[in-house]
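What follows is a set of notes on a single structure, which appears directly below.
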Amino acid sequence: WGSREAAAKAWIDQGFAFYFRDNFGNAMRRFNQAWLLDPSNPEVYHGMASVLTDQGDVCGAMEIFDKGLNLRWTAPTNESGFLADVAKVITYCAVYKKNNGIEEGYLELLEKSDSIFLRAEALEKTKPELRDGYLYANWWMALYTRGEYAKAWEKVFLLRKEGGEMRGNY
């Protein structure tokens, strides 16, 4: 592989390959191996948080995403898809906590989610090649989960305008 960073990238790629086949145990092992080699790579945290999200641990995923997000802010490229995933998971955690009687921090989490979605949208406006509807697919699901149905429909219309499809768990 030539370097720790290159080896970590290979493990991350394998981790996502397992993740997309719903093999979460092997995916998490690969992301952990990548983390051991290069803990400063934000994609390690993206992978780990993705696994936790799909396993239903949205608040645990939010904590992991926060670590990756702090690295991503300083990385040379800010990927809108990463930011969309982070923002959606923050909303999911806020709603999960509220539904389980934990109101403290709810509005702050929603504000954080909104600001990250807006940052991703601004990024896509500067880089039209990034537009594939993924941002709006995540955004409408987050708004729907909050019960903000009219706003969710606005994002669905933008999603369709960009040629994307409605998907996911809502």
Side-chain angles (χ1 to χ4, degrees), residues 1-94 96 109-142 145 155 159 162-165 167-170:
W1 285 315
S3 70
R4 294 175 69 85
E5 292 81 12
K9 183 181 178 336
W11 287 123
I12 291 166
D13 291 344
Q14 285 187 17
F16 276 112
F18 281 116
Y19 170 76
F20 289 120
R21 291 192 307 257
D22 294 330
N23 187 334
F24 300 134
N26 280 325
M28 189 61 89
R29 278 194 262 320
R30 296 308 179 266
F31 295 131
N32 279 318
Q33 289 166 322
W35 176 80
L36 289 169
L37 291 166
D38 186 8
S40 67
N41 186 326
E43 288 304 312
V44 169
Y45 302 97
H46 191 181
M48 290 176 173
S50 296
V51 170
L52 291 176
T53 299
D54 283 11
Q55 291 177 328
D57 184 2
V58 291
C59 293
M62 183 184 72
E63 291 175 18
I64 298 295
F65 263 135
D66 267 344
K67 292 177 183 179
L69 185 62
N70 290 331
L71 295 170
R72 184 64 66 142
W73 289 145
T74 60
T77 58
N78 289 331
E79 179 184 285
S80 62
F82 175 84
L83 297 175
D85 286 344
V86 172
K88 179 181 71 176
V89 167
I90 291 170
T91 290
Y92 285 0
C93 180
Y96 173 82
L109 288 174
L110 295 185
E111 287 172 10
K112 182 177 181 179
S113 175
D114 289 341
S115 72
I116 294 170
F117 274 126
L118 290 170
R119 183 177 175 108
E121 186 176 49
L123 175 64
E124 285 196 359
K125 287 180 180 176
T126 64
K127 297 183 178 184
E129 69 275 7
L130 296 176
R131 293 185 197 155
D132 62 1
Y134 189 79
L135 167 64
Y136 295 119
N138 280 281
W139 208 341
W140 86 259
M141 287 187 286
T145 301
K155 302 310 176 196
L159 166 67
E162 293 188 358
E165 297 179 15
R167 58 165 187 76
N169 302 320
Y170 49 88

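The model shown is predicted, which means the values in this text are computed figures rather than measured ones.
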Indicate the atoms forming the closest heavy-atom contact of [X] with [Y], along with that distance.
X	Y	value
Ile64	Ala49	CG2-N, 3.8 Å
Ile12	Ala34	CG1-CB, 3.5 Å
Gly133	Glu162	N-OE1, 3.3 Å
Thr53	Ala61	OG1-CB, 3.2 Å
Phe31	Val44	O-CG1, 3.6 Å
Ala8	Asp38	CB-CB, 3.6 Å

Phe65 and Phe82 aromatic ring geometry - parallel, tilted or perpendicular at 30°/60° bounds
perpendicular

Measure the acute angle between the ring planes of His46 and Phe16, then classify it against the limits of 30° and 60° as parallel, tilted or perpendicular.
perpendicular

For residues [X] and [Y], is any side-chain donor paired with an opposing acceptor at under 3.5 Å?
X	Y	answer
Asn32	Arg29	no
Asp66	Tyr45	no
Glu121	Tyr136	yes

Please determine whether side-chain contact (heavy atoms from CB on, under 4.5 Å) holds for the pair Val86 and Val89, giving the CA-CA distance in whole Å, both sets of side-chain angles, and the decisive distance to 0.1 Å.
CA-CA 5 Å; Val86 172; Val89 167; over 6 Å; no

Measure from the side-chain N and O atoms of [X] to the backbone N and O of [Y], and report whether any donor-acceptor pair falls under 3.5 Å.
X	Y	answer
Arg4	Leu37	yes
Asn138	Tyr134	yes
Thr145	Met141	yes
Ser80	Ala120	no

Are side-chain heavy atoms of Met62 and Leu109 found at a separation under 4.5 Å?
yes

